[in-house]
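This report concerns only the one structure given below.
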Amino acid sequence: MNIYKDYLNFLKDTVLLLKKKHKYEFDINDIFSKITLEPPKNLSHGDMSTNIAMLLAPKFKKKPFEIAEIFKEQINTFPGIKSVSIAGPGFLNIILDHLTWSNCLHKILLNPDDWDQVNIGKGSNVNLEYISANPTGPLHAGHARGAVFGDALASLLSKVGFNVTKEYYINDAGSQIEKLVQSSILRYHECLGDKITVIPKGLYPGDYLKEVGNALFIKYNNKLKSYDKDEIFKIVSELSLKIMLDNIKIDLLKLGIKMDVYTSEQKIVSSDLLSNVISILERKNLLYKGVLAPPKGMKTEDWETREQLLFKSSNYGDDADRALQKSDGSWTYFATDMAYHLDKINRTNGNLINVLGADHTGYISRINAAVNALSDSKISIDTKVCSLVNLLEDGKPLKMSKRAGTFVTLSDIIDAVGKDVLRFIMLTRRNDQSLDFDFKKVKEKSKENPVFYVQYAYARCHSIFKAADTVKENLNPNNLNLLKAEEELNLIKFISLWPRILELAAKHHEPHRICFYLIELASNFHGLWNKGSDKPELKFIVEDNLDLTNARLSLVKAVALTISKGLNILKIEPIKEM
RNA sequence: GCGCUCUUAGCUCAACUGGAUAGAGCAUUUGACUUCGAAUCAAAAGGUUGGGGGUUCAAGUCCCUCAGAGCGCACCA
């Protein structure tokens, strides 16, 4: 149930009626897609505002103001209207009767689960790939943002009716795995008694590989040395990858994240997907052997011309064609990534979303080109880029260096601040803005810390219920029409926005909107709470007026309900007492 | 040199994806605890939305241009 939708439908009916009556010729669907009926930014303009008169002016060949007059008359016949006015260039501002709002609250509480059902997904499939950190070490702060963002988006899309597959791509092929193996073997030798003073350049220096060395030692003692080279590689790579990935999964679980599918790059490489990609591209005439031009501005002496198999990604908006084969004939990473995306297209039968770190922005256009080419542009891919996270301690940047051992892992952060706080803070910025994560502020119990602020509002709701125990009559929302103070109506109006927020956040793949909404809802509620100190008649509990108390408790209940719905999508536990 | 992403109040950020007088928090100034939890609230002040041009009923939002920041830039993954 969405009150804005209800009235929008009334408006649409009116447009149809007028069009028929005056025999106007225009594309009705075009108009329908552009009509807005929204709460105005400035609430003093009214409860709802529509641009209909401005839209129809060229179609009706009249001035916006004249059309507004016609609609004003019509809107006045809609149910629950208090007044309609015309403003500015032709906006129609609608004020609803307070009974409409209390009725709205009544419906929310009567059917809290139906209230925010916005089924824009209609069961269609979405594949959401996120994190996909290389399995060569523990997750760190930078991964946290993409992880939380992706997971919240997955949760949000499921909520609005998409069938979401949460996927992690394991980059377990290529040279970095060789580095991992060599680094692990080094740690194995360490267990055998070799002294390691310096980790050779290019290998992974982190202590976390000692675990792998140990595991090898326990399993093989000193016998591994006698195996032949290929065998050693196989044993060590399998074991180290397993341990790395298991640790990643443990960290994700700590963050409340459970992926649906882990896809291995090795499996993609050894499948026939790559040859499928080639034959699709061949059929579409998108392949050729050629030489890439050097990037403009690059010194020509550094440039080595070589003939390679290339994909005409520039046909699909990429700024250059891309190599699929290296000069020695082996496949490039991009080629296997195309195969992987073909795999996702085949499996999903729906749209794709990738969540990447900011350092991969240059990669987006070629992946878009790949997906378009492979799917005949039938599948859309949306790539969300998460910008950097600056770790701070009381405003000063936290120095991170793998060598100095001040490497902040995801697990460290969760231990320091808790998963709920981390999840919320990571969503208090748009994904494409860089984000400051200040350990001091985040642990603070004040308005500086938005998680606390929202949780405090929720706790206050419950403290009212507790205080009202003596009057509580099982919250029978019968006399909600007693809610007519401006402050109370404003709160109901703000709560009614929730389904809209959900829909907008889902449509634009922007889960941060939920955080901002919750913070504002908390603010509205704290405000009303404190009004009770100035005007005692506005207190939630009115000793000698059971009906009014009940009505107000219903309002508080709706606040708590909405906060918990929002936190729920972010997978954060609301706290009743703090 | 080229490309991508950005630039909004002193600071950190919003702005319903083109809508009306651009909104919050922090910091500053001033007020509110005998009270349903003051871990909160209210008020004041703070702006040529980096500069300039364009598109239209309407631009922080779209286009062009200049300046600045971050990231990336042929076989790495």
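Below, all heavy atoms of this structure are taken into account, side chains as well, without hydrogens, waters or symmetry copies. Nothing here was measured: the structure is a model prediction, and the numbers come from that model. Chain A is the first sequence line, chain B the second, and so forth, proteins listed ahead of strands; every chain is numbered from 1.
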Looking only at atom [atom1], what distance separates [N] and [M], rounded to whole Å?
N: B/A59; M: B/G53; atom1: P; answer: 14 Å
N: B/A15; M: B/G25; atom1: C1'; answer: 15 Å
N: B/U49; M: B/A22; atom1: C1'; answer: 8 Å
N: B/U17; M: B/U29; atom1: P; answer: 40 Å
N: B/A45; M: B/G50; atom1: C1'; answer: 24 Å
N: B/C26; M: B/A43; atom1: P; answer: 13 Å

Heavy atoms from C-beta onward define the side chain here; which of [options] lies closest to that of [X]?
X: A/M54; options: B/A15, B/G19, B/A20; answer: B/G19
X: A/W529; options: B/G37, B/A20, B/U17; answer: B/G37
X: A/N530; options: B/U17, B/A32, B/A14; answer: B/A32
X: A/E510; options: B/C36, B/A14, B/U17; answer: B/U17

Its glycosidic angle compared against 90° from 0, B/C71 adopts the form anti
We want to know whether A/S330 and A/D328 form a side-chain donor-acceptor pair, criterion being a heavy-atom distance below 3.5 angstrom. yes
Would you jot down, in residue-number order, the residues of residues 447-458 of chain A having a non-hydrogen atom under 4.0 Å from RNA chain B? A/K447, A/E448, A/F452, A/Y453, A/Y456
Considering every strand and a 4.0 Å limit on heavy-atom distances, what is the contact class for [X]: base, sugar-phosphate, or nothing?
X: A/A358; value: sugar-phosphate
X: A/H526; value: sugar-phosphate
X: A/T36; value: nothing
X: A/R500; value: base
X: A/P536; value: nothing

Every protein N/O within reach of nucleotides 4-11 of chain B N/O, cut-off under 3.5 Å:
unit_1: B/C6; atom_1: OP1; unit_2: A/D432; atom_2: OD2; d: 3.3

Give a yes/no on whether any side-chain N or O of A/R460 is located under 4.0 angstrom from OP1 or OP2 of B/A38. yes
Paired with B/C73 by Watson-Crick or G-U wobble geometry, both distances under 3.5 Å: which nucleotide is it? B/G1
Taking a pair as Watson-Crick or G-U wobble with both distances under 3.5 Å, which nucleotide is matched to B/G46?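 Per the H-bond distance test, none.
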Distances under 3.5 Å between nitrogen or oxygen atoms of protein and nucleotides 75-77 of chain B:
unit_1: B/C75; atom_1: O4'; unit_2: A/Q308; atom_2: NE2; d: 3.3
unit_1: B/C75; atom_1: O2; unit_2: A/S327; atom_2: N; d: 2.6
unit_1: B/C75; atom_1: O2; unit_2: A/S327; atom_2: OG; d: 2.7
unit_1: B/C75; atom_1: N3; unit_2: A/R306; atom_2: NH1; d: 3.2
unit_1: B/C75; atom_1: N3; unit_2: A/S327; atom_2: OG; d: 2.9
unit_1: B/C75; atom_1: N4; unit_2: A/R306; atom_2: NH1; d: 2.1
unit_1: B/C76; atom_1: O2'; unit_2: A/S175; atom_2: OG; d: 3.3
unit_1: B/A77; atom_1: O3'; unit_2: A/A173; atom_2: O; d: 2.8
unit_1: B/A77; atom_1: O3'; unit_2: A/Q176; atom_2: NE2; d: 3.2
unit_1: B/A77; atom_1: O2'; unit_2: A/Q176; atom_2: OE1; d: 3.3
unit_1: B/A77; atom_1: O2'; unit_2: A/Q176; atom_2: NE2; d: 2.4

